[in-house]
2 protein chains.
Amino acid sequence: MIDKAQALEDSRPKRRLLPVDAEALGQAAECLRTLAHPVRIRMVQLLLHDRYTVGELAKDCGVLENVASEHLRLMQRCGFFTSEKVGRRVYYKVAEPHLERMLDCIENRFQPCAAS
Amino acid sequence: MIDKAQALEDSRPKRRLLPVDAEALGQAAECLRTLAHPVRIRMVQLLLHDRYTVGELAKDCGVLENVASEHLRLMQRCGFFTSEKVGRRVYYKVAEPHLERMLDCIENRFQPCAAS
DNA sequence: TGGACATATCGCAACATTCCGATATAATGT
DNA sequence: ACATTATATCGGAATGTTGCGATATGTCCA
């Protein structure tokens with residue numbers, strides 16, 4: 001007779017995986033949610049190549065400037081970007097070094113023939 | 001006098017970036033949203049190493065089985081997993097090959113000392 | 001100083017996500 | 001046939017996200 005405690009167990013033994021820090025999973029999920037928007041992905045893509053102002057990003061992404069500003073604020077709170085004020089403009093640029101590998105991953109999956 | 005059409009432009013010239021397929025951005029965002037949940041990240045992490053049943057995944061993730069089932073359905077719709085019925089159990093396993101690089105990225109950022 | 005410009009913030013409506021309990025389906029063992 | 005087990009689905013409450021118009025703040029220039 002099979003022990004009740006093992007009722008859900010697979011017949012095959014499995015490699016033990018770390019019980020994993022719930023904290024780290026939560027942070028990872030938050031970062032992914034922050035990236036998970038077409039406009040924000042595009043912004044990261046642009047900012048990985050150069051610095052841009054809010055207005056430039058808004059124009060490229062086809063959104064109003066206040067909307068662009070909110071997306072940028074979200075990503076800044078997550079540590080993705082830093083901003084620098086120059087006159088009445090604000091330049092954003094990438095601060096999180098892992099974003100490059102992340103975007104590589106995404107572009108590799110969704111834009112197989114991207115001649116940057 | 002500065003041309004109106006260039007009002008938002010940066011003083012420095014920028015590398016031309018592809019105007020980018022809005023379709024691809026939308027799909028990428030959808031995939032990221034699908035991954036952007038602590039339980040789902042953990043499930044991907046587990047399934048990258050072995051196959052698991054719904055009950056096993058639910059137990060490891062600390063959620064009810066119907067909740068686990070819903071997370072799995074989401075990811076299956078996105079093409080992340082396939083499932084295989086064996087008796088009254090359903091085994092899930094990874095179907096999307098890019099998930100491995102993606103998780104590498106995430107683990108590298110959030111679990112620097114992960115001895116898998 | 002006054003007006004145009006660039007960005008940020010606020011309140012709000014529309015919409016999406018998450019989780020739960022209840023119920024359904026289907027396979028198993030007695 | 002019947003109870004049990006494993007998974008899936010449904011309806012709904014709570015919560016989160018997005019985009020918009022209006023408004024605020026700060027900068028530039030005439």
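Residue A:Thr53 places at least one side-chain N or O under 4.0 Å from the OP1 or OP2 atom of C:dT7. The phosphate of D:dA8 (OP1 or OP2) has a side-chain N or O of B:Tyr92 nearer than 4.0 angstrom. Within the 4.0 Å cut-off from OP1 or OP2 of C:dT9, not a single side-chain nitrogen or oxygen of A:Ser69 is found. Regarding contacts with the backbone of D:dT17, every side-chain N or O of A:His71 stays at 4.0 angstrom or more from both OP1 and OP2.
The base of C:dC20 sits within donor-acceptor range of the side chain of B:Glu70, with an N or O pair under 3.5 Å. If you check distances only, the side chain of A:Asn66 never reaches the base of D:dG19 with a donor-acceptor pair under 3.5 Å.
Atom C1' of nucleotide D:dT15 and atom CD of A:Glu30 are separated by 15 Å, given to the nearest angstrom. Atom CG in B:Leu72 sits roughly 16 Å away from atom P in D:dA6 (whole-Å rounding). The separation between A:Tyr91 atom OH and C:dA8 atom P is 13 Å, rounded to whole Å. Put simply, CD on B:Gln76 is 12 Å from C1' on D:dT7, counting in whole angstrom units. Atom C1' of nucleotide C:dT18 and atom CG of A:Leu32 are separated by 17 Å, given to the nearest angstrom. At whole-Å resolution of the value, CZ in A:Arg89 and P in C:dC5 are 12 Å apart. In this structure, CD of B:Glu56 is placed 13 Å from C1' of D:dT7, rounded to the nearest angstrom. In this structure, CD1 of B:Ile41 is placed 11 Å from P of C:dT18, rounded to the nearest angstrom.
A distance-only check finds no donor-acceptor pair linking the side chain of A:Ser69 to the backbone of A:Glu65 [under 3.5 Å]. Distance alone, capped at 3.5 Å, places no donor-acceptor pair between the A:Glu100 side chain and the A:Pro97 backbone. Counting only distance, with no hydrogens or angles, the side chain of B:Glu107 and the backbone of B:Asp104 share no donor-acceptor pair below 3.5 Å.
A:Asp50 has its side chain out of reach of A:Leu46: every pair of non-hydrogen atoms, C-beta onward, lies at least 4.5 Å apart.
Each of C:dT18, D:dG21, C:dC19 was ranked by its minimum atom distance to the side chain of A:Leu64; first place goes to D:dG21. Among the nucleotides D:dT7, C:dA8, C:dA6, the one closest to the side chain of A:Glu65 is C:dA6.
Below 30°, between 30° and 60°, or above 60°: for B:Phe81 and B:Tyr92 the angle between ring planes is above 60°, a perpendicular geometry.
In this structure, CG on B:Leu35 lies 12.0 Å from SG on A:Cys31, to the nearest 0.5 angstrom.
Positionally, the nearest nucleotide of DNA chain C for A:Arg73 lies more toward the 5' end than for the other of A:Arg73 and A:Arg33.
Test B:Met75, B:Gln76, B:Arg77 against B:Thr34 for side-chain contact (heavy atoms from CB on, under 4.5 Å) and you get one pass: B:Met75.
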Exercise. Scan nucleotides 24-30 of chain C nucleotide by nucleotide, 5' to 3', and note B when protein non-hydrogen atoms come under 4.0 Å of the base, S if they reach only the sugar-phosphate, - if neither.
Key: --SBB--

